[in-house]
Amino acid sequence: MDAFDVFSRQCPSRATLEHVTGRWGSLTVGALYESRLRFNELRRRVDGVSEKMLSQTLHTLERDGLVVREARPVNPPWVDYELTPLGREVAERLLGLIQLVEGRMPEVISARERYDATRGAL
């Protein structure tokens with residue numbers, strides 16, 4: 001098998017990278033790194049995501065082997081989501097980026113203010 005190359009449009013790794021780094025994918029993976037969560041707990045943790053988008057995101061991440069869904073046969077239904085070992089590895093690297101961005105936000109805000117002052121606010 002040829003090596004995967006995310007820069008090639010036909011490489012399947014590109015789609016997985018998009019699933020993980022997209023807004024809802026990255027927030028979902030990050031939230032699940034903290035703990036196993038039920039759907040509504042996850043929805044509350046990922047503030048702003050719609051039920052439909054979270055459901056689609058979870059299906060995509062499950063298909064990619066990053067999330068596992070466990071349905072318990074009780075009434076009402078109880079469904080948990082958690083990261084697979086691969087998902088945890090991806091989340092660890094993603095959380096490093098999240099922490100970097102959060103920690104450097106004062107610089108980002110200053111850069112935005114300088115930009116807006118010289119070029120006009122967007």
Side-chain angles (χ1 to χ4, degrees):
M1 175 179 237
D2 293 330
F4 293 98
D5 179 8
V6 75
F7 296 100
S8 169
R9 84 175 111 175
Q10 290 152 1
C11 185
S13 65
R14 183 181 284 193
T16 301
L17 182 64
E18 290 173 7
H19 299 159
V20 171
T21 60
R23 174 175 28 174
W24 303 123
S26 60
L27 294 173
T28 300
V29 167
L32 286 172
Y33 186 78
E34 297 168 359
S35 66
R36 159 185 257 193
L37 295 170
R38 293 179 69 187
F39 185 87
N40 284 326
E41 293 171 325
L42 186 54
R43 187 164 172 229
R44 282 190 297 275
R45 179 68 179 116
V46 181
D47 190 26
V49 68
S50 70
E51 188 171 320
K52 178 181 177 183
M53 280 309 305
L54 181 57
S55 180
Q56 288 175 356
T57 299
L58 286 165
H59 286 293
T60 300
L61 294 172
E62 185 178 8
R63 183 172 183 255
D64 286 343
L66 303 174
V67 169
V68 64
R69 176 185 185 271
E70 181 187 346
R72 299 180 195 178
V74 294
N75 195 4
W78 183 289
V79 181
D80 287 325
Y81 295 90
E82 72 178 312
L83 295 175
T84 64
L86 174 59
R88 288 198 67 76
E89 186 176 347
V90 168
E92 287 170 3
R93 293 169 192 239
L94 181 63
L95 288 170
L97 177 60
I98 288 169
Q99 291 164 357
L100 172 68
V101 169
E102 287 176 339
R104 302 298 286 265
M105 280 311 295
E107 293 171 65
V108 172
I109 291 168
S110 292
R112 288 176 181 172
E113 289 169 352
R114 285 191 309 277
Y115 180 92
D116 291 348
T118 61
R119 293 183 180 88
L122 296 178

(message) Checking R36 now: which residues fulfil side chain to side chain donor-acceptor pair (under 3.5 Å) with it, not counting sequence neighbours?
(response) E70, E82
(request) Considering non-hydrogen atoms only, spot the tightest contact between V46 and A31 and give its length. (result) CG2-CB, 4.0 Å
(request) Could you pull out all residues at least two apart from R72 that satisfy side chain to side chain donor-acceptor pair (under 3.5 Å)? (result) D80
(message) Check R45 with E41, please: is the shortest side-chain N to carboxylate O separation under 4.0 Å?
(response) no
(request) Might you point out which heavy atoms bring L86 and D64 nearest each other, and give the distance in Å? (result) CD2-O, 4.4 Å
(request) Quick one: list whatever passes side-chain contact (heavy atoms from CB on, under 4.5 Å) with E51, sequence neighbours left out. (result) F39, R43
(message) As an exercise, state the distance from OG1 of T60 to CG of L66, rounded to the nearest 0.5 Å.
(response) 10.5 Å
(message) Can you list everything that forms a side-chain contact (heavy atoms from CB on, under 4.5 Å) with E113? Sequence neighbours excluded, please.
(response) I109
(message) Please find the pair of heavy atoms, one from L94 and one from V20, that lie closest to each other, and give the distance.
(response) CD2-O, 4.1 Å
(request) Could you grab the distance from atom CE of M105 to atom OG of S110, nearest 0.5 Å is fine? (result) 10.0 Å
(message) Give me the atom names and distance for the closest heavy-atom approach of D5 to S13.
(response) C-OG, 3.9 Å
(message) Check whether Y33 forms a cation-pi arrangement with R88 (NZ or CZ under 6.0 Å from the six-membered ring centre, at most 45° off the ring normal).
(response) yes
(message) Which residues pass the side chain to side chain donor-acceptor pair (under 3.5 Å) test with E62, not counting sequence neighbours?
(response) none
(message) Starting from V67, can I reach V79 by hopping between I/L/V/M/F/W/Y residues whose side chains sit under 4.5 Å apart?
(response) yes
(request) Spell out, yes or no, whether L100 and I98 are grouped together once hydrophobic residues are joined by side-chain heavy atoms under 4.5 Å, including indirect joins. (result) no
(message) Return the NE2 to NE2 distance between H19 and H59, rounded to the nearest 0.5 Å.
(response) 13.5 Å
(message) Can you tell me if R93 has over 12 outside heavy atoms packed within less than 6.0 Å of its CZ?
(response) no
(request) Quick one: closest heavy-atom pair of V29 and L83, and the distance? (result) O-CD1, 3.7 Å
(message) Side-chain heavy atoms under 4.5 Å apart, restricted to Ile/Leu/Val/Met/Phe/Trp/Tyr: what other residues fall into the cluster of V74, or is it alone?
(response) W78
(message) So R44 and N40, do their side chains get closer than 4.5 Å, heavy atoms only?
(response) yes
(request) Can you measure from CG (L61) to OG1 (T84) and round to the nearest 0.5 angstrom? (result) 9.5 Å
(request) Nearest 0.5 Å please: distance from the CZ atom of R14 over to the CZ atom of F7. (result) 8.5 Å
(message) Quick check: closest heavy atoms across V49 and L54, and the distance to 0.1 Å?
(response) CG2-N, 3.6 Å
(message) To the closest 0.5 Å, what do you measure between CH2 (W24) and OG (S50)?
(response) 7.5 Å
(request) Carefully, step by step, assess L42 and L58 under the rule side chain to side chain contact (heavy atoms under 4.5 Å, CB included). (result) CA-CA 10 Å; L42 186 54; L58 286 165; 3.7 Å; yes
